[in-house]
Amino acid sequence: MNIISALAAEFSVKPWQVENTVALIDDGNTIPFIARYRKEATGSLDDTLLRSLSERLAYLRSLEEQKEKIRALITSQEKMTEELEKAIEAVKTLTELEDIYRPYRPKRKTRASAAKEKGLEPLALKIYEQNENRNPFELAAEFVNEEVENTEMALQGAKDIIAEMISDDAAGRKQLRYVCRNHGSISVSPAVEDLGVYENYRDYSEPVSKIPNHRILAVNRAEKEGVLKVSLDMDKIHGIAVLTGLHVRGGGKCSGLVREAVEDAYTRLVFPSIEREIRNELTARASAEAINVFARNTAELLMQPPVKGRVTIGLDPGYRTGCKVAVVDETGKVLDTAVIYCAPPYSKTEEAKKIITALVEKYDVKMFAIGNGTASHETEVFAAELINELDRGITYMVVSEAGASVYSASKLAAEEFPQFDVSLRSAVSIARRLQDPLAELVKIDPQAIGVGQYQHDMPKKELANALDGVVEDCVNSVGVDLNTASPSLLLRVAGLSPATAKSIAEYREKNGSFKSREELKKVPKLGAKTFEQCAGFLRISTGENVLDNTAVHPESYQIAKRLLDICGVSEADVKAGRISLLNEKARVQGTAALAAKLEVGEPTLIDIISEISKPGRDPRDELPQPLLRTDVMGIEDLSAGMELKGTVRNVIDFGAFVDIGVHQDGLVHISQITNRFIKHPSEVLKVGEIVTVWVLSVDTAKKRISLTMKKPGK
């Protein structure tokens with residue numbers, strides 16, 4: 001297989017793009033680096049496509065390695081033929097390759113292997129020839145001996161061997177897979193009387209070709225929990241007919257025996273195997289899509305706009321143990337902590353107001369971040385009332401606590417806040433999540449962030465790889481302040497390992513703030529290749545060189561300076577934002593002409609101009625700001641038809657959950673998102689988006705809220 005050509009066709013790109021990308025990957029370059037700084041080589045392929053291409057490259061290389069192993073194994077058995085060699089070369093999946101190898105794989109003890117040990121394989125082959133003139137009983141008589149007592153035993157052994165031959169036939173298995181995929185159904189029946197949350201799946205059935213991914217994952221989980229029995233149903237007559245057409249010839253007595261072997265092979269060997277394969281295939285498909293949804297939601301959550309320049313109080317609500325309070329400044333530095341009792345059983349509301357008021361006045365607090373866990377509603381009521389009394393323009397937001405407890409009890413949190421107990425660390429984390437979601441959430445295992453579906457049922461390795469890639473892409477698209485980033489944030493920068501991230505932090509602590517990117521080369525364990533990969537993603541906001549506060553890579557500094565000279569713009573002008581001459585020159589001359597003059601690729605030049613135009617630019621600032629509140633509502637305040645503003649918290653296969661400020665997210669079913677047809681809610685919605693919704697129905701007892709995005713009457 002020509003892997004380059006195969007990848008080019010699969011991803012609809014030019015072979016030279018694939019060839020260059022593969023060379024860059026093999027040379028140890030990271031995906032963010034390739035996507036950002038090697039656009040000329042890849043034809044400006046984005047990071048998402050590059051990651052998919054990289055994963056597919058690994059798969060195809062693994063396939064080629066397996067082909068070589070199987071060639072060697074079959075050759076060692078002296079069974080390799082020209083036809084078999086061509087078949088191996090033509091396969092495109094590991095499943096097809098396994099089908100070809102199946103007849104040659106060493107088998108455990110089977111009925112067929114036992115028959116072969118008794119010398120019945122020649123009889124099986126003679127019967128399988130289905131010669132009209134041969135009588136199978138006469139043939140079998142020749143094989144009666146001490147181990148084979150009679151012709152009936154001989155014929156049964158021969159049929160067992162033929163059944164295994166049929167089971168090992170790659171063509172038959174391929175056709176049956178096709179039939180199962182297009183005509184089979186997934187059927188479910190109760191395994192217990194009380195199905196609980198799976199009641200909707202009582203006696204449920206759906207075609208394999210139509211069953212949606214979230215239902216595959218649901219029935220799998222129910223089966224694992226012992227609540228449901230799940231099976232693949234297919235017309236047995238149809239299935240046997242497929243194998244009969246391939247293996248039965250004529251109507252003689254030998255053909256009758258082969259027909260019996262076909263039915264046995266289908267029932268005992270082939271269909272159970274195909275059933276496992278199809279169900280595994282469905283699970284793999286559903287898992288891949290669930291991982292994609294989780295990854296997409298995680299990216300959108302991480303890229304939520306930071307709420308900058310505001311001293312914030314983080315409130316980690318609680319009943320018996322009280323509400324933990326942490327005051328953090330604009331940079332996330334902890335200024336003060338406290339514990340208040342604003343909820344039952346103590347409800348020391350007036351005392352709590354005095355404590356918070358004192359902190360607000362002392363530190364000029366502008367914002368409250370309230371965790372959405374236990375006692376959150378009571379704490380929100382308290383905060384909204386106090387905000388109204390203070391009348392200082394303070395706003396608040398209820399923040400998801402997902403993963404906060406995991407982080408607070410982690411070694412990382414203990415190293416960051418050795419002086420605080422676990423609960424106070426959570427309050428700090430809640431405040432910082434509102435100030436800068438990306439910087440805080442990178443400290444938490446992405447699987448604990450809680451914006452997916454069935455994530456705990458996903459293959460751990462695939463999920464971790466996908467989420468790590470998402471976090472890496474988000475961090476590098478924003479950039480990281482070299483002088484303030486925590487080691488956990490530095491670790492997500494392209495090219496940096498735990499050792500080099502720690503070395504950067506230690507160097508910074510020992511020598512003070514970095515003055516330039518060039519100084520990175522002095523950090524122990526940070527070699528030339530690592531510098532190349534990471535430097536462009538690290539920012540120095542207070543450095544002498546303005547380019548150090550942009551995504552312009554050090555390798556392009558000379559080009560950037562020549563560009564400024566050509567346009568008559570100084571670095572002082574760039575710092576002051578006086579870059580109109582640069583944009584005018586680029587407009588008049590054209591980026592293609594400027595690129596030719598500077599002997600640089602046009603994509604790189606466009607990026608340089610964009611970065612110089614906005615030093616210190618944070619792409620998240622261009623997104624709509626989070627929905628901050630000053631009042632409070634409860635689920636009991638809702639009524640059908642009510643119009644509300646909300647924040648999308650999770651986008652899944654069958655809809656989206658929207659936070660409307662009542663401590664219980666409402667569900668917008670996919671059918672209620674838009675009037676046009678959509679295959680997936682992500683076509684319209686993304687995590688963090690502010691949307692207008694209308695209440696369809698409210699079940700207060702079950703705490704279920706049904707919402708619509710279709711304006712009533714439209």
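What you see is a predicted model; the values in this text were computed from it and never measured.
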In plain terms, say whether [X] and [Y] are close enough for a salt bridge, that is, a side-chain N and a carboxylate O under 4.0 Å apart.
X: R61; Y: D26; answer: yes
X: K126; Y: E121; answer: no
X: E277; Y: R173; answer: yes
X: D99; Y: R177; answer: yes
X: D473; Y: R51; answer: yes
X: K86; Y: E82; answer: yes
X: R181; Y: E281; answer: yes
X: D457; Y: R221; answer: yes

Does [X] reach the side chain of [Y], with side-chain heavy atoms less than 4.5 Å apart?
X: D445; Y: V406; result: no
X: V470; Y: P446; result: no
X: N135; Y: L139; result: no
X: V262; Y: I162; result: no
X: V651; Y: V293; result: no
X: K67; Y: V91; result: yes
X: I652; Y: H214; result: no
X: Q66; Y: Y101; result: no

Over all heavy atoms of both residues, which pair between H247 and V258 is shortest? Give the atoms and the distance, please.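 Closest heavy-atom pair between H247 and V258: O-CG1, 3.6 Å.
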Do you know which two heavy atoms are closest between Y266 and G239, and how far apart they sit?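 Here Y266 and G239 meet closest at CE1-CA, 3.6 Å.
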With no hydrogens and no angle check, is any side-chain donor or acceptor of [X] less than 3.5 Å from a backbone partner on [Y]?
X: D47; Y: P32; result: no
X: S273; Y: L269; result: no
X: Q17; Y: T42; result: yes
X: D27; Y: N29; result: no
X: S62; Y: A58; result: no
X: T500; Y: L496; result: no
X: E300; Y: V687; result: yes

* Can you name the one residue among E152, E260, E164 that meets salt bridge (Lys or Arg N to Asp or Glu O under 4.0 Å) with K159? ->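 Among the candidates, only E260 passes.
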Review point. Residues two or more places apart in sequence or in another chain: which of them pass side-chain hydrogen bond (donor to acceptor under 3.5 Å, both in side chains) with S52?
Key: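 For S52 there are no side-chain hydrogen bond (donor to acceptor under 3.5 Å, both in side chains) partners, ignoring immediate neighbours.
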- Message: Suppose we screen for side-chain hydrogen bond (donor to acceptor under 3.5 Å, both in side chains). Which residues come up paired with E85, at least two apart in sequence or across chains?
- Response: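 Result, side-chain hydrogen bond (donor to acceptor under 3.5 Å, both in side chains) vs E85: R71.
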Q.
side-chain hydrogen bond (donor to acceptor under 3.5 Å, both in side chains) for E532 and Y37? Distances and angles first, verdict last.
A. CA-CA 10 Å; E532 177 193 52; Y37 299 113; over 6 Å; no
Parallel, tilted or perpendicular: which fits the ring planes of F654 and F657, with parallel below 30° and perpendicular above 60°?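 Ring orientation of F654 relative to F657: perpendicular.
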field: Sole residue of D653, N213, N292 in side-chain hydrogen bond (donor to acceptor under 3.5 Å, both in side chains) with H680
entry: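 Only one option passes, and that is D653.
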- Apply side-chain hydrogen bond (donor to acceptor under 3.5 Å, both in side chains) to S255 and R249, showing your working. CA-CA 6 Å; S255 297; R249 297 180 293 277; over 6 Å; no
*Over 12 foreign heavy atoms within 6.0 Å of CD, E83*: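 No.
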For N476 and R492, run side-chain hydrogen bond (donor to acceptor under 3.5 Å, both in side chains): C-alpha distance rounded to whole Å, both residues' side-chain angles, the deciding distance at 0.1 Å, then the answer. CA-CA 8 Å; N476 291 291; R492 298 295 189 170; over 6 Å; no
